[in-house]
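First up is the structure itself, then whatever we jot down about it.
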Amino acid sequence: MYLFIVNPNAGHGEGRRVWNKISKLLRRRGIPYEHAFTDSREQAHTFLQDRLSSQETWKAVGVVGGDGTIHSLLPALRHSGIPLAVFSAGSGNDTARGFGIPRRTRAALEVLLHGLPVTADLITVADRSTLTALAIGFDAEVARNVNISRYKKICNAVGLGRLAYIIGIFHTLLTFRPGPLNVDCDGIAYRFESAWLTAINNVDSYGGGLSICPDAKPDDGVLDLCVVHDCSKLKLLLLFPTVLFGAHTKFSFVTMLRGRNITVSSPIPRLALGDGEDVAVTPINASADPGAIHILRPAPHGI
């Protein structure tokens with residue numbers, strides 16, 4: 001039996017449209033399933049936790065929604081051994097991108113049915129788990145501004161979710177001020193006098209496809225860290241096009257680190273978002289949780 005959690009409002013109604021396609025395919029093929037529509041992330045978590053504690057044997061949990069919907073289900077899926085299958089219906093879809101899961105519904109369904117279950121790490125902050133990335137500082141403020149904006153709905157409606165984040169960058173530049181930042185990475189201390197953003201990644205991209213930590217791998221037991229610091233607004237703007245291709249790492253005002261345990265502190269409280277959701281405010285302690293979740297990925301050709 002397959003279990004589906006559906007956020008019908010994800011991606012300006014894309015969640016409902018994707019689910020309609022999935023349910024038709026499942027019925028046509030005679031595949032048994034159970035599903036629930038969720039009005040909130042809290043409701044999604046409660047429902048999943050309840051169903052996973054039942055006597056039913058679940059082959060996989062399919063999530064139809066965005067990264068935020070997936071984020072809400074991580075506490076129930078963590079160390080459960082039940083694989084997660086992702087059906088993209090959000091604006092960023094960095095989980096699907098990070099694990100090579102196709103955007104097309106029919107292809108994603110094949111991953112659910114015939115994909116390869118692999119273990120992946122999680123990022124842990126206090127009692128919260130994050131799958132893709134923690135954004136701290138400017139990038140977190142960009143994401144929050146985008147999430148509450150009108151332009152996000154407009155961009156999603158026309159299929160240009162990434163454009164919303166680009167608009168959000170210019171929006172956030174009007175008010176954000178860089179400041180001092182301390183980072184401790186596996187016991188080694190770093191000081192940045194004027195930091196803009198800190199990204200702690202489990203996968204290579206965030207923000208709808210920005211390759212902020214191009215060498216990050218979700219199954220290596222370590223976290224990749226990118227700090228952008230000591231640069232002008234103009235240099236920051238020039239940086240973002242290069243992030244699309246992971247070419248920003250060569251700049252002198254970009255510092256890349258790797259570690260299992262990372263502490264970020266600042267005299268100015270900075271917002272930290274995990275999978276695009278509010279997680280904490282600095283200071284934060286983030287650590288890798290190796291092999292904490294199972295995810296279905298496309299099977300290699302020939303297997």
Side-chain angles (χ1 to χ4, degrees), residues 40-42 45 66-75 78 91-92 94-95 121-149 152 164-165 168-169 171-203 205-208 210 212-213 216 223-231 233 236 254-255 257 259-289 292:
S40 69
R41 294 180 177 91
E42 293 76 15
H45 168 70
D67 296 318
T69 305
I70 296 169
H71 179 86
S72 69
L73 302 175
L74 294 177
R78 180 175 176 265
S91 55
D94 287 303
T95 303
D121 309 331
L122 290 174
I123 306 171
T124 299
V125 176
D127 59 345
R128 297 283 297 272
S129 292
T130 292
L131 180 54
T132 60
L134 281 173
I136 305 168
F138 180 79
D139 46 352
E141 294 293 341
V142 169
R144 184 161 70 171
N145 286 338
V146 169
N147 286 339
I148 63 176
S149 70
K152 178 181 180 180
Y165 289 93
I169 289 171
H171 177 192
T172 308
L173 272 175
L174 297 175
T175 57
F176 188 88
R177 297 291 180 269
L181 188 79
N182 296 303
V183 175
D184 185 290
C185 186
D186 285 347
I188 302 175
Y190 300 85
R191 168 79 175 182
F192 303 97
E193 295 302 327
S194 183
W196 283 92
L197 65 86
T198 307
I200 302 174
N201 276 54
N202 191 37
V203 299
S205 70
Y206 74 165
L210 299 175
I212 191 72
C213 292
L223 304 176
D224 285 61
L225 178 70
C226 175
V227 184
V228 178
H229 55 92
D230 301 298
C231 66
K233 288 185 178 181
L236 184 71
V254 175
T255 297
L257 302 169
R260 290 180 171 81
N261 297 285
I262 297 168
T263 299
V264 179
S265 60
S266 169
I268 304 172
R270 298 297 194 192
L271 177 67
L273 265 60
D275 300 321
E277 302 297 309
D278 287 13
V279 168
V281 174
T282 56
I284 67 166
N285 297 296
S287 60
D289 188 357

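- The side chain to side chain donor-acceptor pair (under 3.5 Å) check on N261 picks up nothing, with sequence neighbours excluded.
- A salt bridge (charged side-chain N to carboxylate O under 4.0 Å, His left out) check over residues 135-145, counting only residues at least two apart or in different chains, returns the pairs E141-R144.
- H71 approaches V279 most closely through the heavy-atom pair CE1-CG2, 4.2 Å.
- Contacts of H171 classified as side chain to side chain contact (heavy atoms under 4.5 Å, CB included), with partners at least two apart in sequence or in another chain: N145, Y151.
- In terms of the salt bridge (charged side-chain N to carboxylate O under 4.0 Å, His left out) criterion, residue partners of R78 (sequence neighbours excluded) are, by chain and number, D289.
- Across all non-hydrogen atoms, the minimal contact from A272 to I136 is CB-CG1, 3.9 Å.
- Residue L223 holds its CG atom at 9.0 Å from CG of N201, rounded to the nearest 0.5 Å.
- Not a single donor-acceptor pair under 3.5 Å links the side chain of T172 to the backbone N or O of I169.
- Among residues two or more places apart in sequence or in another chain, the side chain to side chain contact (heavy atoms under 4.5 Å, CB included) test is passed with C185 by Y190, L257, I262.
- Scanning both residues, P267 and P269, for their nearest heavy atoms gives O-CD, 3.6 Å.
- Here S266 contributes atom OG and L181 contributes atom CG; the two are 5.5 Å apart, rounded to the nearest 0.5 Å.
- Every pair passing salt bridge (charged side-chain N to carboxylate O under 4.0 Å, His left out) that includes a residue from residues 266-284 is listed here, sequence neighbours excluded: R41-E277.
- Within the 4.5 Å cutoff, side-chain heavy atoms of L134 are placed close to those of V125.
- Closest of all the heavy-atom pairs between A143 and L273 is CB-CD2, 3.5 Å.
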**OP:** Take I200 and V264, measure what side chain to side chain contact (heavy atoms under 4.5 Å, CB included) needs, and give me the verdict at the end.
**Re:** CA-CA 10 Å; I200 302 174; V264 179; 4.2 Å; yes
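- Checked against side chain to side chain donor-acceptor pair (under 3.5 Å), T130 has no partners two or more places apart in sequence or in another chain.
- By the 4.5 Å heavy-atom criterion applied to side chains, P180 and R191 are counted as neighbours.
- Annotation: salt bridge (charged side-chain N to carboxylate O under 4.0 Å, His left out) contacts of D121 (sequence neighbours excluded): none.
- Of the candidates L236, L271, V228, F138 forms a side chain to side chain contact (heavy atoms under 4.5 Å, CB included) with just one, namely L236.
- Contact record, V227 with A195: CG1-CB, 4.5 Å, taken as the closest heavy-atom pair.
- By the salt bridge (charged side-chain N to carboxylate O under 4.0 Å, His left out) test, E42 pairs with no residue at all, sequence neighbours left out.
- Residues satisfying the salt bridge (charged side-chain N to carboxylate O under 4.0 Å, His left out) criterion with R128, sequence neighbours excluded, are absent altogether.
- A tilted orientation is assigned to the rings of H229 and F192, their planes being inclined by 30° to 60°.
- Shortest non-hydrogen contact noted between G168 and V146 is CA-CG2, 3.9 Å.
- Looking at heavy atoms from C-beta onward, L210 lies out of side-chain contact with S205 at the 4.5 angstrom threshold.
- T198 is linked by a side chain to side chain donor-acceptor pair (under 3.5 Å) to nothing, counting only residues two or more places apart in sequence or in another chain.
- In this structure, N202 CG and I123 CD1 are separated by 5.0 Å, a value rounded to the nearest 0.5 Å.
- Under the side chain to side chain donor-acceptor pair (under 3.5 Å) criterion, T263 pairs with N285, not counting sequence neighbours.
- Judged purely by atom type and a 3.5 angstrom limit, W196 has no side-chain atom pairing as donor or acceptor with the backbone of G137.
- Counted by atom type alone, T95 and D67 present one or more donor-acceptor pairs between their side chains at under 3.5 Å.
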